[in-house]
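Reading through the structure tokens given below for one structure.
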Protein chains: 2
Amino acid sequence: MKDEKDAIVVNKEFTEECTVILTAVADALYAIGGKWKLMIIISIARGNNRFSEIQKKVTGISARVLSNELKELELNSFIVRKVTAGYPVSIEYELAPYSNTLQDVVSSLKEWGIQHRQKIKDDRSSGKSQTIV
Amino acid sequence: MKDEKDAIVVNKEFTEECTVILTAVADALYAIGGKWKLMIIISIARGNNRFSEIQKKVTGISARVLSNELKELELNSFIVRKVTAGYPVSIEYELAPYSNTLQDVVSSLKEWGIQHRQKIKDDRSSGKSQTIV
DNA sequence: CGGCATCCAAATAGATACTG
DNA sequence: CAGTATCTATTTGGATGCCG
């Protein structure tokens, strides 16, 4: 900080950029945050298209919560609810194209999650205290 | 041996891998999920090191919640709480090295958040109904 | 099977006041 | 400034039963 004017300008840009990032991340978390949404999308992507299949894959989710999440995901164009006539009527959830935009997010979270689990394990065997994952 | 592109959103054949992905993503969400943690990390990364600075940047967070989140982040090695003697005592939060592992996660979320906001805007001006971000 | 309605318990968060 | 304490309001979620 030798030149104060520059410093101010720089800091202002820095600050504005911070707000941009924060806003973007907040937007993302608003749309796909929470415990379940991404996991539901992943599990549908991997071929679990029925309500009960999804519920089995996404460990710990209750029917009520799953039902609500599916509605929201459909409303936001991440998935499509397909009803096929017949007896009984068959209902399947499929990914809508918009879910493909989540590729990078999902894969980075997956990579991070894997290394994080490893790190936790290392921390514990090296004797550090740690909250459990 | 880079895999065949973590094809998250396609390829029903890889269902056996589904559980691995779900577990990894669940781990990640457990550690950095929720409304605030990433935003706090980002805002510290961009030079907001004081409690009140962070609170100002991370819109909507209360002192109590911020306080709790900071404690958790410190416990999990994402940040360091630095106390500098003096009068009054100065307290600053800094990123710990482990926060750097979040680079990809943050940048993909940021990119996605930006395009998502744009998409919402487009949807609205084209007359679709939409939940608001 | 794929849900929705209801009731109730638990977790979370806001407001406010207060401290070193 | 950097929190803590307390109380209360709100949200969230599980359990259960019912229905097409």
Side-chain angles (χ1 to χ4, degrees), chain A residues 15 22 26 29-41 43-44 46-76 78-96 131-133, chain B residues 26 29-41 43-44 46-76 78-96 131-133:
Chain A
T15 304
L22 285 177
L29 291 178
Y30 183 92
I32 55 168
K35 269 163 88 174
W36 307 118
K37 291 202 181 59
L38 279 180
M39 316 221 351
I40 292 167
I41 288 174
S43 114
I44 296 176
R46 308 304 277 203
N48 304 279
N49 301 97
R50 315 293 295 259
F51 190 93
S52 48
E53 286 174 346
I54 302 170
Q55 197 182 359
K56 207 150 65 174
K57 272 291 173 191
V58 181
T59 348
I61 198 169
S62 71
R64 195 184 60 157
V65 173
L66 177 55
S67 170
N68 291 336
E69 297 281 48
L70 286 171
K71 265 183 230 160
E72 246 186 278
L73 288 172
E74 194 191 4
L75 198 63
N76 288 288
F78 290 111
I79 65 175
V80 177
R81 185 175 186 271
K82 285 235 165 108
V83 184
T84 306
Y87 185 76
V89 169
S90 147
I91 296 173
E92 295 202 332
Y93 295 91
E94 292 173 12
L95 291 196
T131 52
I132 304 309
V133 164
Chain B
L29 291 178
Y30 183 92
I32 54 169
K35 270 164 88 174
W36 307 121
K37 291 202 181 59
L38 277 180
M39 317 224 348
I40 292 167
I41 288 174
S43 108
I44 295 175
R46 310 306 283 198
N48 304 278
N49 301 96
R50 314 295 294 257
F51 190 93
S52 49
E53 286 173 347
I54 301 170
Q55 196 182 359
K56 206 150 67 175
K57 272 293 171 190
V58 180
T59 347
I61 198 169
S62 72
R64 197 184 59 154
V65 173
L66 177 55
S67 171
N68 292 337
E69 296 282 45
L70 287 170
K71 267 180 224 160
E72 244 186 279
L73 288 172
E74 194 191 4
L75 197 64
N76 287 290
F78 290 110
I79 65 174
V80 177
R81 184 174 185 271
K82 285 237 164 104
V83 184
T84 307
Y87 186 76
V89 169
S90 146
I91 296 173
E92 293 201 331
Y93 295 91
E94 292 173 13
L95 290 196
T131 52
I132 305 307
V133 164

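In what follows, every chain begins at residue 1, and chains take the letters A, B, ... in the order their sequences are listed. Source: prediction; values computed, not measured.
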Which nucleotide in the list [options] gets nearest to the side chain of [X]?
X     : options               : value
A:I91 : D:dG14, C:dG2, C:dG14 : C:dG2
A:V65 : C:dG14, D:dG13, D:dA2 : D:dG13
B:R50 : C:dG3, D:dA2, D:dT4   : D:dA2

From [atom1] of [X] over to [atom2] of [N], roughly how many Å is that when rounded to an integer?
X     : N      : atom1 : atom2 : result
B:L66 : D:dG3  : CG    : P     : 8 Å
A:N48 : C:dC1  : CG    : P     : 15 Å
B:E69 : C:dA13 : CD    : C1'   : 11 Å
A:R81 : C:dC4  : CZ    : C1'   : 12 Å
A:Q55 : D:dG14 : CD    : P     : 10 Å
B:E72 : C:dA13 : CD    : P     : 10 Å
B:I61 : D:dG3  : CD1   : P     : 12 Å
A:I54 : C:dG2  : CD1   : P     : 9 Å

Any side-chain N or O of [X] under 4.0 Å from OP1/OP2 of [N]?
X     : N      : answer
A:S67 : C:dC4  : yes
B:K71 : D:dT4  : yes
A:S62 : D:dG14 : yes
A:S52 : C:dG2  : yes
B:K35 : C:dA13 : no

Is there a donor on the side chain of B:R64 or the base of C:dA13 sitting less than 3.5 Å from an acceptor on the other? yes

Base, sugar-phosphate or nothing for B:Y93? Non-hydrogen atoms, less than 4.0 Å. sugar-phosphate

With the side chain counted from C-beta on, respond yes when [X] and [Y] share a heavy-atom pair under 4.5 Å apart, and no when they do not.
X     : Y     : answer
B:E72 : B:E69 : yes
A:L66 : A:F51 : yes
B:F78 : B:I44 : no
B:I79 : B:I40 : no

Short N-O contact, B:E74 and B:R81, less than 4.0 angstrom: no

